[in-house]
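Chain letters run A, B, ... following the sequence lines, proteins first and then strands; every chain starts at 1. Since the structure is predicted, the reported quantities are computational estimates derived from the model, not experimental observations. These values consider heavy atoms only, across backbone and side chains, with no hydrogens, waters or symmetry-generated copies.
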There are 2 protein chains.
Amino acid sequence: MNRTLRMTHQREIILAELQRSKTHPTADELYERIKKKLPRVSLATVYRNLEILSEAGLIKKLEISGRQKRFDWDPGEHDHVYCVRCQRVDNIETDAPAPSVASAQEQGYRITGCRIEFFGLCPKCLQQQKNKPSKGERAMACPSCTTPTLSETQRQVLEALANTSEACGSKELAAATGLESKQVSCQLTALKNKGLVDSPIRCKYAITEQGKSILS
Amino acid sequence: MNRTLRMTHQREIILAELQRSKTHPTADELYERIKKKLPRVSLATVYRNLEILSEAGLIKKLEISGRQKRFDWDPGEHDHVYCVRCQRVDNIETDAPAPSVASAQEQGYRITGCRIEFFGLCPKCLQQQKNKPSKGERAMACPSCTTPTLSETQRQVLEALANTSEACGSKELAAATGLESKQVSCQLTALKNKGLVDSPIRCKYAITEQGKSILS
DNA sequence: AAGTATATGAGAACTATTCGCATGTCAAGG
DNA sequence: CCTTGACATGCGAATAGTTCTCATATACTT
C-alpha cells in the first residue's frame, strides 16, 4: 500500500539540476535546463517529480504570492524574499524570532505551520528602475515588458499617427483611417496603455518612440 | 495622464458585497453573489474591479499560497490563517512582533513589505477528519474529495471486479473484460489511487465500498 | 449637450498545472 | 533469464484561474 520511490534517471537529473541552482527555479525553468541533458523529458514528468520529491521531503515546494510555484533544494526552515517586478525569489535571513504557533490566536484552527515572505525589488530591478525613471505611472500598469502585439485596427491607428507631424485628435484619426471614431478612441486607449502612444495635450495624441519602433 | 476612478454601479455593488462578507472570498465566489443583484455582470468586470480597487487601496488582494486570489475588505495590516484542506482563509491575531524590514538581511533587495501566513486545518475540516479516520495514507494523495469520474475503460474494469466474489489478478480481469492485460493493470492503478479498488494481497485486486457506490 | 475618458459584457486567449492513457522500465520470483 | 506487476514516462488533451480584446455603454468635464 505504501509506494516505494524509485530513483530513475530523470528523477536524478531533476534533483541534481535543482540542487545546483542558486535561485529557486520554477518548474519550467528547470524543464528548459533539463531538456539539454535529457531531450526527451516531458514537462509533466518534471512537474510530477518535483511534486513527489517534495512530498518525500527531499526538496521543498514554494508557493509564493500567487504566481508560479518555485522549488527549493533546501528543505530546511528558512524564509524568502521575492521581487514584485521580476518574481525572482531568494533566501533571506532574519533575526526576528519566528512567530510560534502559540503566539497566534487560532480561533478553532489547528495550526501546523507558518510562512514568512518579504517582498520588494531585487538588486537588478532596482537598478533598472533607476535607469529609466518611467514617465508617469504607466510602468506599474504593465508588469511584463515584452513587446506588445497589435491588433489590425491598432496597427492602422498607429500608422496614421506616425504620419502626422503633430499631436492630433481622434476625429482626425478616424478620418485618416476610415474607422469609426468610437473605435479609434478605444484603440488609442489600448495603445496608450501599452506605451506606444501618449497624450501631450488632453485629447490630443502622439506616437511615442516605442510606438515608432514597433511599426518598423 | 493619471486616470480618474469612476464610481460605477457595478463597482459599488462589488465593493458592498465584499465588505459585507465575513470571510475572504475569491473572485468567483463574489461573482456568484453579485450576479444575484446584477444578473448581467461579467466575471471579467469583477476581476477588473477587484484589481482596480485594490490598487486604489480600498481593499486588499490576498495572494496566499498558490491557489486562487482572495480579497479582503480590510486594507489594514493584519495576518491570515488558511486551511490546507478547504482553502478557507481567516484573519488571525498574533502577539509576536512583526518582523521589521530592518530585521532581515536584504542582500541588495529593497524590501517594501512582509507577509505572514499561518496554515493548518480549519474547525470544519478538523471535525470532518475526526469523523472519518481515512484508512491508510490515501487521503493525503487525493486532496479533493469530489466524486471521481471514470473513463470508459475504468468503468469496464471496475464492473468486472464488482462481479467477482474474491480478489483477483489482472489477468483474470483482462479475460473478463476483453482488454489487454497491460491496459487493465494501468487502470487498476488509477482506480486504486482513487480509492475505488484496493489490493488485499499483492497483485490481487478487489473493489472497495466506494467503488461499489460509484457504479450505482 | 457634446465629447472624451473610462467602464462594461461577452467570449476568446493565455498560463500554469494536472490528467488520461499507452508504453516503458525496474526488481523480484518462479 | 523471463515474466509479472508496480512504478515511471511521454505525449497530448483538459482544466482552472485569470487576463485580454473589442464593440458598446456610461460617467464626467466643459
Side-chain angles (χ1 to χ4, degrees), chain A residues 1-11 14 26-28 31 38-52 63 66-70 142-144 148-154 169-171 179-190 192-194 199 202-205, chain B residues 1-11 14 26-28 31 38-52 63 66-70 143-144 148-154 169-171 174 179-190 192-194 199 202-205:
Chain A
M1 199 110 242
N2 57 343
R3 316 297 205 72
T4 64
L5 256 210
R6 228 174 240 174
M7 192 42 78
T8 61
H9 192 46
Q10 7 310 61
R11 214 163 268 178
I14 290 172
T26 61
D28 70 32
Y31 173 60
L38 219 54
R40 297 184 43 81
V41 272
S42 112
L43 179 58
T45 299
V46 174
Y47 271 105
R48 245 184 320 232
N49 283 317
L50 288 171
E51 189 65 41
I52 287 170
E63 317 201 42
R67 288 211 127 270
Q68 285 139 285
K69 289 170 189 155
R70 288 174 176 273
C142 157
S144 75
T149 54
L150 296 181
S151 69
E152 200 34 54
T153 328
Q154 286 171 354
S170 65
K171 241 180 177 173
L179 296 165
E180 278 190 84
S181 82
K182 273 182 191 172
Q183 274 195 52
V184 172
S185 83
C186 182
Q187 303 310 335
L188 281 170
T189 307
K192 211 172 65 176
N193 286 335
K194 292 182 183 176
S199 166
R202 194 172 184 283
C203 311
K204 295 281 180 183
Y205 300 91
Chain B
M1 199 108 238
N2 56 344
R3 317 296 205 73
T4 65
L5 257 210
R6 240 177 229 174
M7 192 42 76
T8 61
H9 192 48
Q10 3 318 57
R11 214 161 271 177
I14 290 172
T26 62
D28 67 32
Y31 173 59
L38 220 55
R40 295 182 46 80
V41 272
S42 114
L43 179 58
T45 299
V46 173
Y47 271 104
R48 245 185 321 231
N49 283 316
L50 288 170
E51 190 65 41
I52 287 170
E63 317 201 43
R67 289 208 126 270
Q68 286 138 287
K69 289 170 188 155
R70 288 175 177 271
S144 76
T149 53
L150 296 181
S151 69
E152 201 33 55
T153 329
Q154 287 171 355
S170 68
K171 240 182 179 171
L179 296 165
E180 279 190 83
S181 81
K182 273 181 189 173
Q183 274 195 52
V184 172
S185 83
C186 181
Q187 302 313 335
L188 280 170
T189 307
K192 211 172 67 176
N193 285 335
K194 293 181 184 177
S199 166
R202 194 173 184 282
C203 311
K204 295 282 180 184
Y205 298 91

For A/Ile52, the side chain to side chain contact (heavy atoms under 4.5 Å, CB included) test, sequence neighbours excluded, returns A/Leu5, A/Arg11, A/Asn49
So which pairs with a foot in residues 38-47 of chain B pass side chain to side chain donor-acceptor pair (under 3.5 Å), sequence neighbours left out?
B/Thr45-B/Arg48
Of D/dC20, D/dT9, D/dT18, the nucleotide closest to the side chain of A/Asn49 is D/dT9
Of the listed C/dT8, C/dT18, D/dC20, the closest approach to the A/Glu51 side chain comes from C/dT18
Rounded off to whole Å, could you give me the [atom1]-to-[atom2] distance for the [X] and [N] pair?
X       : N      : atom1 : atom2 : value
A/Leu50 : C/dT18 : CG    : P     : 10 Å
B/Leu38 : C/dA7  : CG    : P     : 16 Å
B/Met7  : D/dT29 : CE    : P     : 14 Å
B/Tyr31 : C/dA10 : OH    : P     : 8 Å

Result for 5'-nearest mapping on DNA chain C, choosing between A/Asp28 and B/Pro39, is B/Pro39
Would you kindly compare A/Arg48 and A/Thr26 by the position of their nearest DNA chain C nucleotide and give the one closer to the 5′ end?
A/Thr26
Using a cut-off of strictly less than 4.0 Å, decide whether [X] has a side-chain nitrogen or oxygen near OP1 or OP2 of [N].
X       : N      : value
A/Arg40 : D/dC11 : yes
A/Tyr47 : C/dT17 : yes
A/Gln10 : D/dG10 : yes
A/Arg11 : D/dA8  : yes
B/Thr8  : D/dT26 : no
A/Lys69 : C/dT18 : yes

Find the distance between CG (A/Asp28) and CD (A/Gln68) and round it off to the nearest 0.5 Å.
6.0 Å
Indicate the atoms forming the closest heavy-atom contact of A/Val46 with A/Ile14, along with that distance.
CA-CD1, 3.9 Å
Looking at B/Arg6 and D/dC28, is any side-chain donor or acceptor paired with a base atom of the opposite kind under 3.5 Å?
no
For a side chain to side chain contact (heavy atoms under 4.5 Å, CB included) check, start with the C-alpha distance between A/Leu38 and A/Gln10, then their side-chain angles and the critical distance, and finish with the verdict.
CA-CA 8 Å; A/Leu38 219 54; A/Gln10 7 310 61; 3.7 Å; yes
5' precedence on DNA chain D between B/His9 and B/Leu43 (nearest-nucleotide basis)
B/Leu43
